[in-house]
Amino acid sequence: MLEIKNLHARIAEDGTEILRGIDLTVKPGEVAAIMGPNGSGKSTLSYVLAGRDDYEVTEGDILYNGQSILEMDPAERAASGIFLAFQYPMEIPGVATMEFLKVAMNAQRKARGEEELKIPDLMKRVRSAADTLDMDMAMLKRPVNVGFSGGEKKRAEILQMKLLQPKLCVLDETDSGLDIDALKIVADGVNALRSPDRAIVVITHYQRLLDYIVPDTVHVLYRGRVATSGDKDLAIELEKNGYTGIVGEAA
Amino acid sequence: MNVHTQTSHTPAEDALIQAFAERAGALPGDAAVTAKREEAAELLKRGLPTRRMEAWHYTDLRRLLSKVPGFDASASAASVEPLLQGSAILPVLNGAAEKRETPEGVAVATVADRLADGSLAQLMGYDGFDDTVSAVNSALASDGFTLDIPAGVQVTTPIELQNVQAGGQVHTRFAVSVGEKAKATIVERQTGSGEALVSSISNLEVGDDADVVWLIVQEQPEGTSHLGRINITIGARANVTLFVMNAGGKLVRQEIRVVAQGVDSQFRLRGVNMLAGETHCDVTMVLDHAAPNTISTETFRNVVTDRAQGVFQGQIRVARDAQKTDAKMACNTLLLSDEGGFSSKPELEIFADDVACGHGATVTEIEADHLFYLMARGIDEKTARGLLVKAFIAEVIEELESEPIVEALEAKLDAWFSEHG
Ligand SMILES: Nc1ncnc2c1ncn2[C@@H]1O[C@H](COP(=O)(O)OP(=O)(O)O)[C@@H](O)[C@H]1O
Ligand SMILES: [Mg+2]
């Protein structure tokens, strides 16, 4: 479903190379965890997948369902089913959350040749998704993410993911800022999306989240490369011994 | 009158002088009004203001007013749908007021009648050499409406004053007086279908403890030059909200002249300028805090695209005895193109010592982070930009609180974006 081949990317503004040859394959139905110490390039990888133009791909390719997505803009990637839950979701003053959800859902439906959602149908979907995430509908009357706490922002990301039903979900540090109850709710939300035709990439630097979202594969990113890969036991080992062992092996 | 001794007139200046020569005999007015008209015409003969005149520094009228059409007697205009449903409409159609039914308790007359009987003579004339808008209008005003809302009358039906042009020249006047403890919502529509020169002056006199919301919606077509002005006096403890939307026109100058002359009065100015194409739009405000304890806030939000140019001049003057004045002015611009521009000139002249006055101006572009976030949810770039721009403007509109007003103005926003977004 996702094949990242020898991906090199640099910061567009100053040319600093951040991703230095990433190889990674994720199959349909798979939950892949990406771990690694702070600053290893995890968020950069997620942005490059989503198409943020602060970064330039200088080498390699990203294939999604066998097709390169490098020429697609973020909206086209999203419409084709790629979703990024941001590590730091942006606050957008003046844009009402409900209006944003409506426009986003209908934009994707339109891109897929589906009919627009009517308001009552939309409201019903939003309410039921918000319920499962234990979110207050009153929050959705506010502008997008404005005045949300860290945890509320993360839930709002998962809410969007549930509503948009993407095929490739990339969750960047969705666990940070969540207490244990919220973590369980969010993990349940993610687990509910697990399906044979969907792939989920969970970025985290704690093993904690992986107790609730159990990964099929675990990859450790270090200095812009995949240093090592394994199964869920690798995450447990990392929890016990830290990154130094792995990093030492890679270096 | 030997106008031809002035050899350096521009075609526009010639056209204005010519219009006065041709029209003066047919315009309504008693001897006093006629004298004021002639005096105003004399000012026009000296030529239009240039950037060397401080009040016109950012809008060189002489250069920008390149074409002034003649009067077009055959042009006919029709009234338009009101901004707010259920409004009482008072239309001026290509310069002629059309009598209609008016809300109960409100005395209405036409400006033509009141110029003819001389009772409006004191409103005619201009105030200084740079008061060109008043001079053009005083020389050539043909008609309009006067409204008298007596003390204590709460007019629940919004009243919409329509100035609709169909080409040529249109010079219109409105005068509204709102008595003590009275209340009203007035919409001033400036629109039309032709290539025209329009001047329109409104006078609003607000009595003590009165409450007035006045909305100016200017949507002239691309080829029209619009010279607007509103003169407001505010009585003690009165509340005035003025909202201005500029969403059209080729050359637009909207002047706002306010005197907060009663203690404890409040003036709130909110405005949005949506500027596209080759528009040059100038909003110039002069506000006098002339009594103690008066509060004012002024907020403009502007969107500039294509080669449009915008100007906001805001001058706040606080008189020596207007202690405890509280005035806050802000002008924020979202610039969507490299060739567009916006100039903002705030000016505070404070003669009292115990006041709180502030101002701020910003010019920004769309935030790349915000755009990325919206696009990452599948919203195409054009739609995402539209959402962000609309949000920027809508924040000011939403301050008006009244749901029908907010909805009607947001519908205008949507219409503008679907054409220019
Ligand atoms: N837009 C940017 N501007 C400057 N530095 C950046 C930018 N994006 C990433 N970096 C740098 O690249 C490195 C990797 O960052 P990031 O991808 O956020 O790591 P992680 O998510 O693994 O903590 C860090 O050193 C970070 O400071
Ligand atoms: Mg990160």
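Chain letters run A, B, ... following the sequence lines, proteins first and then strands; every chain starts at 1.
No hydrogens or angles considered: nothing links the side chains of B/His226 and B/Gln218 as a donor-acceptor pair under 3.5 Å. There is a side-chain donor-acceptor pair under 3.5 Å between B/Asn246 and B/Asn273.
Contact annotation for A/Pro166: neither backbone nor side-chain heavy atoms come within less than 4.5 Å of a heavy atom of chain B. In this structure, chain B has heavy atoms under 4.5 Å from both the backbone and the side chain of A/Ala50. With a 4.5 Å cut-off on non-hydrogen atoms, A/Pro143 does not touch chain B at all. Only the backbone of A/Glu91 comes within less than 4.5 Å of a heavy atom in chain B; its side chain stays farther off. Residue contact with chain B, scored on non-hydrogen atoms closer than 4.5 Å, involves the backbone and the side chain of A/Arg52 alike. Residue B/Ala394 does not touch chain A at all, counting heavy-atom pairs closer than 4.5 Å.
Using a 4.0 Å cut-off between a side-chain N of Lys or Arg and a carboxylate O of Asp or Glu, A/Lys110 and A/Glu114 do not qualify as a salt bridge.
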Quick one: do A/Gln108 and B/Arg377 satisfy side-chain hydrogen bond (donor to acceptor under 3.5 Å, both in side chains)? Show the steps, please.
-> CA-CA 8 Å; A/Gln108 295 208 10; B/Arg377 296 303 178 247; over 6 Å; no
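Among B/Glu395, B/His370, B/Glu398, the residue with the largest count of heavy-atom pairs under 4.5 Å with chain A is B/His370.
Between B/Phe372 and A/Tyr47, the ring-plane angle classifies as perpendicular under the 30° and 60° cut-offs.
Within the cation-pi definition used here (under 6.0 Å to the ring centroid, within 45° of the axis), A/Arg142 does not qualify as a partner of A/Phe148.
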